[in-house]
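Everything on this sheet refers to the single structure shown next.
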Amino acid sequence: MKVTVVGAGAVGASCAEYIAIKNFASEVVLIDIKEGFAEGKAMDLMQTASLMGFDTQITGVTNDYSKTAGSDVAVITSGIPRKPGMTREELIGINAGIVKTVSASLVQYSPNVIIIVVSNPMDTMAYLAHKSTGLPKNRIIGMGGALDSARFKFRLAEALGCPQSDVDGMVIAGHSDTGMLPLTRLAVRNSVPVSEFLSEEKLAEVAEATKVGGATLTKLLGTSAWYAPGAAVSSMVQAIACDTKKMFPCSALLEGEYGLKDISIGVPCIIGKNGIEKIVEIELSDAEKAKLAESADGVRAVNNLL
Ligand code: NAI
């Protein structure tokens, strides 16, 4: 399994690190536009191999896509992150140009590649990657829901005072502070609905803290987060590499599922060796359906800026 990670910045390097530590890929190529940067990150990471016990070969290159040839999976993290007070949508101008060129270069050298889009505004960037490359829809996956769901589980466990491994929950819809939909109704602690343990007010607080999870970190760090985003991407790459058929909420191109068309937005997907192998249509309540439709309107408004 050869994986290319475009952008050797905070998220890209963290993603490469987790992929290497999990030891399922033979090769990771880090590529960045900044001269020598990806080479430096790759060398630094390779000097952890004997300490961390992995065999993955990590190489770094500056803008030379021939070195990415034959990649099975490519992760696009190139672009600018938000600063405190910024929304993800404000990044569109610069990031759209980058995502379009990068996707074309990736497909040129790896015609069978599965692309995971991370750059923000992610749903719109995934939609743009679909439109500009014309790849089959199972081969372009937007990463947002895996991260938002991890943040939801963190907040649920915090509120319940229990280990994160005891809770399960999912966040669907648009990857934005206002668009996210944490499915509190379906969240469980050891298979028991969390509403058995938490009041409606507390659950609303958990949902709100989840939605602003990225903004909270951006305020603390001065830039957006990288550990959990990198870990979320690495889990998705692992699901493809090991053909696990694990379910992640991903930004997928919809063609009628959930009543939505011609939009890439977060819905539960089975991920395996072919990328998105199935979009799972779970039964939503009327209120949840309305929130998903509203979130889709928000994503469409950003798509219209392309
Ligand atoms: P960063 O600034 O640390 O890294 C971005 C890297 O991309 C830089 O090293 C830059 O030189 C490189 N780059 C810029 N243009 C390029 C090009 N044309 N080709 C190759 N490399 C290029 O930023 P960070 O924190 O890694 O974030 C990256 C992106 O991921 C941002 O757009 C951010 O908003 C997004 N993000 C998305 C998340 C999600 O859940 N979807 C979570 C966290 C971040």
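Everything numeric here is computed off the predicted structure, so don't read it as measured data. Atoms within a ligand are numbered from 1 in the order they appear, just like the ligands themselves. Side chains included, hydrogens not; waters and symmetry mates left out as well; all remaining heavy atoms used.
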task: Answer with side chain, backbone, both or neither: which part of Ser78 has a heavy atom less than 4.0 angstrom from an atom of ligand 1?
output: both
- request: Salt-bridge test for Glu277 and Lys245: reply yes if a basic N is under 4.0 Å from a carboxylate O, no otherwise.
  value: yes
query: Just how far is it from atom OH of Tyr109 to atom OG of Ser105, taken to the nearest 0.5 Å?
result: 8.0 Å
- request: Answer yes or no: does an N/O atom from Val118 fall short of 3.5 Å to an N/O atom of ligand 1?
  value: yes
message: With heavy-atom distances below 4.5 Å as the criterion, would you say the side chains of Leu128 and Leu306 are in contact?
response: yes
message: Salt bridge check, Glu257 against Lys137: does any charged N sit closer than 4.0 Å to a carboxylate O?
response: yes
task: Give a yes/no on ligand 1: does Phe37 have at least one heavy atom closer than 4.0 angstrom to it?
output: yes
- request: Could you list which atoms of ligand 1 come closer than 4.0 Å to a heavy atom of Pro229?
  value: 42 (C), 43 (C)
- prompt: Tell me, which protein residue and heavy-atom name are nearest atom 36 (N) of ligand 1, and how many Å apart are they?
  reply: Asn120 ND2, 3.4 Å
- request: Scan Lys34, Lys67, Glu39 and name whichever one has a side chain to side chain donor-acceptor pair (under 3.5 Å) with Thr62.
  value: Glu39
statement: One finds that the ligand 1 atoms under 4.0 Å from a non-hydrogen atom of Leu91 are 34 (O)
- prompt: Under a 4.0 Å N-O cut-off, is there an ion pair linking Arg155 with Glu205?
  reply: no
- request: Determine, step by step, whether Thr4 and Thr68 satisfy the side chain to side chain donor-acceptor pair (under 3.5 Å) criterion, reporting the C-alpha distance in whole Å, the side-chain angles of both residues, the deciding distance to 0.1 Å, and the verdict.
  value: CA-CA 6 Å; Thr4 286; Thr68 71; 4.5 Å; no
field: Salt-bridge criterion met for Arg88 and Asp123 (N-O under 4.0 Å)
entry: no
query: For ligand 1, is there an N or O atom under 3.5 Å from any N or O atom of Val6?
result: no
query: Which is closest to atom 29 (C) of ligand 1 in terms of heavy atoms, Ile80, Thr77, Ile94?
result: Thr77
- prompt: Is Lys289 atom NZ crowded by more than 12 heavy atoms from other residues, nucleotides or ligands, each under 6.0 Å away?
  reply: yes
- line: When distances are taken from atom 26 (O) of ligand 1, the protein heavy atom at minimum range is Val11 N, 2.8 Å
field: Polar proximity ligand 1 side, Thr223 side, N/O cut 3.5 Å exclusive
entry: no
task: Evaluate salt bridge (Lys or Arg N to Asp or Glu O under 4.0 Å) for Lys291 paired with Asp286, printing each intermediate quantity in order.
output: CA-CA 9 Å; Lys291 282 191 184 149; Asp286 287 346; over 6 Å; no
- prompt: Mind checking whether Ile98 has an N or O less than 3.5 Å away from an N or O of ligand 1?
  reply: no
query: Counting heavy atoms only, which part of Asn95 comes closer than 4.0 Å to ligand 1: side chain, backbone, both or neither?
result: side chain
- prompt: Which is closest to atom 40 (O) of ligand 1 by heavy-atom distance: Arg82, His175, Lys100, Arg151?
  reply: His175
Test item: Glu196 side-chain N/O and Pro193 main-chain N/O as donor-acceptor pair under 3.5 Å: no
- prompt: Just by modelled atom types, is the Glu17 backbone N or O under 3.5 Å from a matching donor or acceptor in the Lys22 side chain?
  reply: no
- line: Atoms of ligand 1 under 4.0 Å from any heavy atom of Leu147, numbered from 1 in the order shown, are 40 (O), 42 (C)
task: Answer yes or no: does an N/O atom from Asp32 fall short of 3.5 Å to an N/O atom of ligand 1?
output: yes
statement: Ranked by distance from atom 4 (O) of ligand 1, the top protein heavy atom is Gly9 CA, 3.3 Å
- prompt: What protein heavy atom is closest to atom 3 (O) of ligand 1, reported as residue, atom name and distance in Å?
  reply: Ala10 N, 2.9 Å
field: Heteroatom distance test (Asn63, ligand 1): nitrogen or oxygen, under 3.5 angstrom
entry: no
field: Sole residue of Val188, Leu183, Thr184 in side chain to side chain contact (heavy atoms under 4.5 Å, CB included) with Leu186
entry: Leu183
- prompt: Is the shortest N/O to N/O distance between Pro81 and ligand 1 below 3.5 Å?
  reply: no
query: What residue and atom, counting heavy atoms only, is the protein's closest point to atom 20 (C) of ligand 1, and at what distance?
result: Ile33 N, 3.5 Å
- prompt: Among Gly79, Gly213, Ala126, Gly144, whose heavy atom sits nearest atom 14 (C) of ligand 1?
  reply: Gly79
query: In terms of atom number and element, which parts of ligand 1 are under 4.0 angstrom from non-hydrogen atoms of Lys34?
result: 11 (O)
